[in-house]
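Single-structure report; data block below.
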There are 2 protein chains.
Amino acid sequence: MNAPMTESLSITDLSREFDVTTRAIRFYEDEGLLHPRRQGRNRVYSNRDRVRLKLILRGKRLGFTLSEIAEIISLYHSEPGESAQLDYFIEKIRERRRQLLQQKDDIEVTLTELDAIERQCRERLASLKQ
Amino acid sequence: MNAPMTESLSITDLSREFDVTTRAIRFYEDEGLLHPRRQGRNRVYSNRDRVRLKLILRGKRLGFTLSEIAEIISLYHSEPGESAQLDYFIEKIRERRRQLLQQKDDIEVTLTELDAIERQCRERLASLKQ
DNA sequence: TCGACAATTGACGTTTACGTAAACGTCAAT
DNA sequence: ATTGACGTTTACGTAAACGTCAATTGTCGA
């Protein structure tokens, strides 16, 4: 039995935990979003890799493309030296924030609309049941 | 202050107002998301069409596929007769709501993370400027 | 040692959401 | 008469994000 001290996960572990195919996980690696270490040919995922995958999937749920997600993750892990680079990063961050706030607004609007529709359905249901 | 409630818009009117290509608008029609009336061969868009396009674009910003958007819009315009259909609709609505709430949560998390990153950038910037 | 099973690497296929011409009609202005 | 803006259809192209299959290679329990 392997000592579970070191958090090492197989590709199927990850695929099961997050309900994605192993093919997708390998694809993310091809696209440079994941860099698991290897034991021979096999991929071994650390907890950091797991967190990165979580970030990827969250980005997907938000409708970002993989390259956008790559950009976002690079923001997380960037250790930028130059001042100009920092300005650029901050601008990127603000862009994302604008996008996310727009989405939040879209969601609010859609939710209230859905509420209205459901209420109408319920009324119609009630009137059918008498 | 009479905003022209012009009931008839051209395809370029729409494309300019919402900053989408005419190609995209025609594509949405091909996919059954829009049904403008015709004057001869030319498409003429009513204000209802305009609202539908707005819904489509909002759906896109939320990361939905066109067929998902079609489903959502069909919820808006459905005149369901049967009780079973109504139950089905309500279930659909709840599904959407779950999805949107998940997205909202994702956004909150990402926003606070972005805040943290920007703060770090600012600190780094400040320390560089001395 | 055998066979089941997991994992790997290509390579090609598929869906979505349009882009990009090509080739043409219409009408107003120059 | 020509140009330009705007419109049309048909058709092929493409980038993204995987799915699917094939061939192969360990790996482990009975």
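The structure displayed is predicted, hence computed values, not measured ones. Here is how names work: the chains are called A, B, and so on, in the same order as the sequence lines, proteins then strands, and each is numbered from 1.
A 4.5 Å side-chain heavy-atom check between A/R97 and A/I93 finds at least one atom pair inside the cut-off. Between A/L125 and B/F89, the closest side-chain pair of non-hydrogen atoms is not below 4.5 Å. A heavy-atom distance below 4.5 Å is not found between the side chains of A/D13 and A/Y45.
Closest heavy-atom contact between A/L33 and A/I69: CD2-C, 4.4 Å.
Around the CG atom of A/D19, the shell of radius 6.0 Å holds no more than 12 heavy atoms that belong to other residues, nucleotides or ligands. Few gaps surround CD on B/E91; more than 12 heavy atoms of other groups in view lie less than 6.0 Å from it.
Base pairing of C/dT30: its partner is D/dA1, meeting the Watson-Crick or G-U wobble criterion (both donor-acceptor distances under 3.5 Å). Checking D/dT10 for Watson-Crick or G-U wobble geometry (two distances, each under 3.5 Å) identifies C/dA21 as its partner. Pair assignment for D/dA23: C/dT8, on the basis of Watson-Crick or G-U wobble contacts that are both within less than 3.5 Å.
The distance between atom CZ of B/F27 and atom C1' of C/dT16, rounded to the nearest whole Å, is 7 Å. If you take CG of B/D30 and P of C/dA17, they are 13 Å apart, rounded to a whole angstrom. Here D/dT10 presents its P atom at 12 Å from CD of B/E29, a figure rounded to the nearest Å.
Side-chain proximity of A/R23 to D/dT20, C/dT20, D/dA16: nearest is D/dT20.
Under 4.0 angstrom from either OP1 or OP2 of C/dG19 there lies at least one side-chain N or O belonging to B/T21. For B/Y28 and C/dA17, the shortest distance from a side-chain N or O to OP1 or OP2 is not below 4.0 Å. For A/K60 and D/dA17, the shortest distance from a side-chain N or O to OP1 or OP2 is not below 4.0 Å.
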What are the atom names and distances for every N/O pair under 3.5 Å that joins the protein to nucleotides 6-8 of chain D?
from: D/dC6; atom 1: OP1; to: B/R16; atom 2: NH2; distance (Å): 3.0
from: D/dC6; atom 1: O3'; to: B/T12; atom 2: OG1; distance (Å): 3.3
from: D/dG7; atom 1: OP1; to: B/S10; atom 2: OG; distance (Å): 3.0
from: D/dG7; atom 1: OP1; to: B/T12; atom 2: N; distance (Å): 3.4
from: D/dG7; atom 1: OP1; to: B/T12; atom 2: OG1; distance (Å): 2.4
from: D/dG7; atom 1: OP2; to: B/T12; atom 2: OG1; distance (Å): 2.6
from: D/dT8; atom 1: OP1; to: B/R43; atom 2: N; distance (Å): 2.9
from: D/dT8; atom 1: OP1; to: B/R43; atom 2: NH1; distance (Å): 3.0
from: D/dT8; atom 1: OP2; to: B/R26; atom 2: NE; distance (Å): 3.0
from: D/dT8; atom 1: OP2; to: B/R26; atom 2: NH2; distance (Å): 2.7
from: D/dT8; atom 1: O5'; to: B/R43; atom 2: NH1; distance (Å): 3.3

